[in-house]
Amino acid sequence: QVQLVESGGGSVQAGESLRLSCAAPGYIYKFYANACMGWFHQAPGKEREGVAGICTGGRSTFYVDSVKGRFTISQDNAKNTVYLQMNSLKPEDTGTYYCAADFRGGRWYDPGKYNSWGQGTQVTVSS
């Protein structure tokens, strides 16, 4: 498994921004064909859902419709870190955000396709 360390969560007002980080020391996923890393959101009492994915060394990015135009996923290969920039946050974005890696192929937003998960970071957005 891949060690993933998330950070950057917090409590903000609606309309504000946060940037989440996912450090993966020693994990050079970009060298693997069709490899992806993803950010997932789990609201209280709900299932974990994919919000953003970055694949094939950063050449492809994907977003769930609810975050398009507001969230941006990116990576810093030198730091082995993937980021999720979250702008114009809404109360429905509240929840725990998880970073995922060691993708087994298939749909990037399917949590069952990842072998490694971070511990999660809490995001709370107040109206």
Inter-residue atom distance [X].[atom1] - [Y].[atom2], 0.5 Å rounding:
X: Phe71; Y: Thr61; atom1: CZ; atom2: OG1; result: 14.5 Å
X: Glu47; Y: Gln42; atom1: CD; atom2: CD; result: 8.5 Å
X: Leu18; Y: Gln85; atom1: CG; atom2: CD; result: 8.5 Å
X: Phe62; Y: Lys68; atom1: CZ; atom2: NZ; result: 10.5 Å
X: Thr81; Y: Leu20; atom1: OG1; atom2: CG; result: 12.5 Å

Intermediate values then yes/no, side-chain contact (heavy atoms from CB on, under 4.5 Å), Tyr83 and Cys22: CA-CA 6 Å; Tyr83 302 98; Cys22 173; over 6 Å; no
Can you tell me if Arg70 uses its side chain to pair, donor with acceptor, with the backbone of Ser88 under 3.5 Å?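 Judged by distance alone, yes, a pair lies under 3.5 Å.
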Side-chain donor/acceptor of Asn80 to backbone N/O of Pro25, under 3.5 Å: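 No.
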If you compare all heavy atoms of [X] against all heavy atoms of [Y], which two are closest, and at what distance to 0.1 Å?
X: Ile73; Y: Tyr63; result: N-OH, 2.9 Å
X: Cys36; Y: Phe103; result: O-CB, 3.5 Å
X: Gly95; Y: Gln122; result: O-NE2, 3.4 Å
X: Val12; Y: Ser17; result: CG1-O, 4.2 Å
X: Val125; Y: Thr94; result: N-OG1, 2.9 Å
X: Pro91; Y: Ser127; result: CG-CB, 3.9 Å

Mind checking what makes side chain to side chain contact (heavy atoms under 4.5 Å, CB included) contact with Gln13, not counting sequence neighbours?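 Residues passing side chain to side chain contact (heavy atoms under 4.5 Å, CB included) with Gln13: Glu16, Ser126.
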Where do Met37 and Leu4 land on the side-chain contact (heavy atoms from CB on, under 4.5 Å) test, with the steps shown first? CA-CA 11 Å; Met37 291 185 71; Leu4 302 171; 4.1 Å; yes
Please tabulate, for side-chain N and O atoms in residues 110-119, each donor-acceptor pair with protein atoms closer than 3.5 Å (sequence neighbours left out).
| from | atom 1 | to | atom 2 | distance (Å) |
| --- | --- | --- | --- | --- |
| Asp110 | OD1 | Gly112 | N | 2.9 |
| Tyr114 | OH | Trp108 | O | 2.7 |
| Asn115 | OD1 | Arg104 | NH1 | 2.5 |
| Asn115 | ND2 | Asp102 | OD2 | 3.3 |
| Ser116 | OG | Val2 | N | 2.7 |
| Gln119 | NE2 | Glu6 | O | 3.1 |

With a 4.0 Å cut-off, would you call Lys90 and Asp93 a salt bridge?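 Not counted as a salt bridge, because no side-chain N and carboxylate O are separated by less than 4.0 Å.
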Sequence neighbours left out, what passes ring pair (Phe, Tyr, Trp, His ring centres under 6.0 Å) with Tyr97? Give chain and number order. His41
